Every structure is written in structure tokens, then in C-alpha cells.
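Here the structure comes first, spelled out in C-alpha cells, and everything after it is commentary.
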Number of protein chains: 2
Amino acid sequence: MAYFPSRPTSPKPPKAGAAFNALKRDIMLGTLAPGTGLPELELAAHFQCSQGTVREALLQLQEEGLVRRQGHRGTQVSECTEDEAIEMFRLRQQIEGNGIARVMRGPSRTLVKELNGLLEKMLAAAGAGDELELASFDRDFHRRIFEDASLPALDPILHRCLVHNHRFKISRSPMARDLEATALRHRSIIDAIEGGDVRRATAAMHHHIATIVDLGPEVFPEVIQ
Amino acid sequence: MAYFPSRPTSPKPPKAGAAFNALKRDIMLGTLAPGTGLPELELAAHFQCSQGTVREALLQLQEEGLVRRQGHRGTQVSECTEDEAIEMFRLRQQIEGNGIARVMRGPSRTLVKELNGLLEKMLAAAGAGDELELASFDRDFHRRIFEDASLPALDPILHRCLVHNHRFKISRSPMARDLEATALRHRSIIDAIEGGDVRRATAAMHHHIATIVDLGPEVFPEVIQ
DNA sequence: CTTATCATTATTGATATCGATATCGATATT
DNA sequence: AATATCGATATCGATATCAATAATGATAAG
């Protein structure tokens, strides 16, 4: 019997999700330092759930690249180096640059509308000072664009790069930054898509990715004018 | 119910690994067509294991991009399109090209020796006509090189691209090809690494990746002379 | 004092079972 | 005939329990 009368649609209502979100938050914010061990039974006790549930969460975290699980030697929080972040940014240039070129050949009718909705949510998160939620909507924004590229096998890779980039960005800028400005930077991408010009949209995306964090002028020399 | 009174022969029977390998094989060979549903209980009955074990295998397959699991709607074999394969090959150029440049700055002493060992195994698999095992050693070869690049966060992405590329290659060439020639193509990479020339090694890697399958002259115009 | 062997312990691996939810088809009502 | 409601089936979600394995530390031999 469902004693919760109205649970209209719960795509993911489970306890595994709670543990997953809590761990993801702590890793992204650096509360859990790289190398920290994550024993399954200890986590199960902490989250009041079973070992299998914890393992489910850890497998999801592994798929996002936030932890590494090795055989019988336990699970540890993964590292987050600058060299890897740079390479991930380069991969994003490749994936999202080619992706948006494909999108412009036939974007879905609701794309711009949905992107504007996500921008609204980003601004709301920025107003609330929640950088983690802002980053989450930022990922949704970029993946929503890429969805129209019709390359679903690439989406998990893009997601992984986005997570790593966000984690790197947060870890390397401890001071409170202007979150609203970060959100508003997506405006030009929406405008370019709405304009219908493939080259302009591609350039906007390349410039956006190249200016997320300042990696020095030699990383993306052709984009920073 | 374990009706086997004693476990005479199996000190370590990882059933999840067996199911994983069998499913991976069938998907890579195309025996399981894209879109095919994979009910957990059905697989559990077929492999004589429990549902949780099957789920573990399915999660691993998802991490390699071979299946997609969506909510309460089951697990299906993922698609394998040419557009995605091309983009994966481009990602490999980026990842492995930059990776081998880093490797040449300080390769581990055993690198060339281990690569020659893997080449031997590739030749053995080619001699046995086992294209799947050849592909597996090919992945080990490329990942072993990339290991010395010290970018561990990129390895899962590279692995995913390698699996997709191999699946694509097998699916698009039903005829028996010259497996030995495929294996021997890695010789020039080992030679270039042994030579110690960064540019030569990078060029060898780029050429190797660009000539794995013939995607037309416009995909990698600068590599194919 | 060093090193090798062995017992202990912590951690992961596997399985059975129960419960919750979604999907689909059949039946009944309007 | 169209729609709404109900129930059957399939799938996912969670937990407890047991087995297997790697890591750790103690102990004894050299």
C-alpha cells in the first residue's frame, strides 16, 4: 500500500540517491579530500542504508569520475589535477564545438525555450549563492544543447568532463565569485543559437569554454583574441 | 540453493565477470542487436546467478557504453552509429596525441618491454583468429601507453572510445580481415617511442588512429598524406 | 635486529528475499 | 465507441547474510 498518497512521478526517489548526492557534494566542495578512503560499511552506517545501496552510489560516483574503486582495496576519492582539467577542457572544445555545429542543422523547436528556462534556474541558484546547484544547471544547459546533436554515446563523456571541470573550478577558486555573471555568460550562446548562424554559434561556444577559468594564454591561443 | 555439496574446482568464481564478458562479447560481435532488451531476471536465470550480480554486470557494461539503462524501463543494447564513431576517433586523436607527447617526456623503463609483450599477445590472438581478443589486447596496448601520461582521469574516457571504435570496426567489416596486419600496425608506434623523438611518436600515433578504418578523406585530412 | 610465516580483521563479492513502482492489457462505465 | 479504473506482470530498489580475498599485525626463526 502506498501510504504516501501523492508521489506523482518519482524518477529517482531512493536512498541511494541521497547518499550519492551527499557524497558528490562533499567531494565537489573538497570537504572530502582526494585520496580519502570510503569504506562501504562505514558509509552504510552513516547513511542508514545497506551495503548494496552504498555500492550503487559508489558505482555512480565512479561513472562520474569522482571516486576510484579498485578490487579488494576499497574506494578512494579521486584526484583532480590541473593537467587533467586542461585536457578535459580541450575535449569539451572538440565535443561541444562539433556538437553545436550539428545542432544548428536542425535544432528542436523547444531548444531555445528550454535553454532560457535553465538560464533562469542558474540565475536563481546564483542569487541563492548555491554554487553547486548553479554548476548542476550549467551541466544541464550544455547537455541539453548537445542532446540535439544526436550523438548519445558522447553524452556520458561530456558529462564526465563537465563534472571534472566544475570540480576543478570550485577547488581552485575558494573565494566567493560573481555567480550571477557566471550564469549570464550563457546568454550569448542562446542568442547565437537563436540567430541561426552556425559559425557564430560555434565561435560563441568555443569562446565560452575557453574563458571558464583562466588557464593561461597558451591553452586556447586561437580563441582568446 | 547451492546443491553443489562441495566447491571442488572453483576457488574464485566471479559470476558477475562471466556474465559481463559473455554479454560484452555478444554485443561487440553484433549477436545482440542494438535496441535488444536485457531483462535482469531473464539474464539471472540464463547465467545461473542472482539479480544483483546481473545488475553489477549491466552497470559495468553501461560504463563502457555498451548498454543504456533508463529508469524503470529496463536495459537495452546501445546503438553504434558512424557519426559517433567518427567523433570518438577525433577524441582519440586529441587524447592519445597529447598523451604520447607527455609520455615521451619521461616514459617508464618497462614501457617498451611491456608494449612488445602486448604485441606478442596481439599476434597470438590474430593467429588464433580471435578478433575480440585481439581488440582487447589492442585496448591494453593503447591504455598502457597512456598510463605513462599520468592523466588517470582521462583513462576511462579513452577506454570508452576504444570500446566503441572496436565495436564499430567489427560491425562494419563482416568479412574476415588480416588480423596479423592489424596487430603489426603497432610496431611503428613502439619503434617511435623507442627512438625517443616526440614529434615522430606523435605523428605515428596520429597516423595509426587515422588509418584504423577508412572513414573517407575528409575526417582526418591532415594525417593521410 | 631482520625477515618470513601465520592468524586476525577489514573490506569487497555474491546471493536470496522482500518491497515499491511502472507499464500494459482487460474490463467496466459513461 | 471512448475513456476510466483495476489488476497482472515486469522491472527496479533495498536489506540481510554468507563467502572470499586482501591488508595488517603478531610471532617466531635466523
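This is a predicted model, so every value here is computed, not measured. So you know, we letter chains A, B, ... as the sequences are listed, proteins then strands, and number each from 1.
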Between Ser50(A) and dA14(D), is there a side-chain N or O to OP1/OP2 distance below 4.0 Å?
no
Which of Gln62(A), Gln60(A), Lys24(A) passes side-chain contact (heavy atoms from CB on, under 4.5 Å) with Val67(A)? It is Gln62(A)
From CZ of Phe20(A) over to P of dA14(D), roughly how many Å is that when rounded to an integer?
13 Å
What is the distance from CG of Leu41(B) to P of dT23(C), rounded to the nearest Å?
18 Å
In whole Å, what is the span from the CD atom of Gln70(A) to the P atom of dA22(D)?
13 Å
Roughly, in whole Å, what's the span from CD in Gln48(B) to C1' in dA16(C)?
14 Å
Gap between atoms CZ and P, on Phe47(A) and dG13(D) respectively (whole Å)
18 Å
Let me know the distance between CD of Gln51(B) and P of dT15(C), rounded to the nearest Å.
12 Å
side-chain N/O Arg73(A) vs dA23(D) OP1/OP2, d < 4.0 Å:
yes
From CD of Glu40(A) over to C1' of dA14(D), roughly how many Å is that when rounded to an integer?
15 Å
Determine the contact category for Arg55(A): base if any of its heavy atoms lies under 4.0 Å from a base atom, sugar-phosphate if only primed atoms, P, OP1 or OP2 are that close, otherwise nothing.
base
For the side chain of Thr53(A), starting at C-beta, report the closest nucleotide among dA14(C), dT15(C), dA14(D).
dA14(D)
Taking 4.0 Å as the cut-off, does a side-chain nitrogen or oxygen of Arg69(A) come that near to OP1 or OP2 on dG13(C)?
yes
With a 4.0 Å cut-off on heavy atoms, is Glu56(B) in touch with a base, just the backbone sugar-phosphate, or nothing at all?
nothing
Short side-chain N/O contact to dT11(D) OP1/OP2 from Thr75(B), under 4.0 Å:
no
Measure from the side-chain N and O atoms of Arg185(B) to the backbone N and O of His208(B), and report whether any donor-acceptor pair falls under 3.5 Å.
yes
Look at atom CZ of Arg73(B) and say whether more than 12 heavy atoms of other residues, nucleotides or ligands are closer to it than 6.0 Å.
no
Less than 4.0 angstrom from a charged side-chain N to a carboxylate O is my criterion; do Asp140(B) and Lys121(B) meet it?
no
Under 3.5 Å: donor-acceptor pair, side chain of Thr36(A), backbone of Val77(A):
no
Starting at atom CG of Leu38(A), determine the distance to atom C1' of dT12(C), rounded to an integer number of angstrom.
14 Å
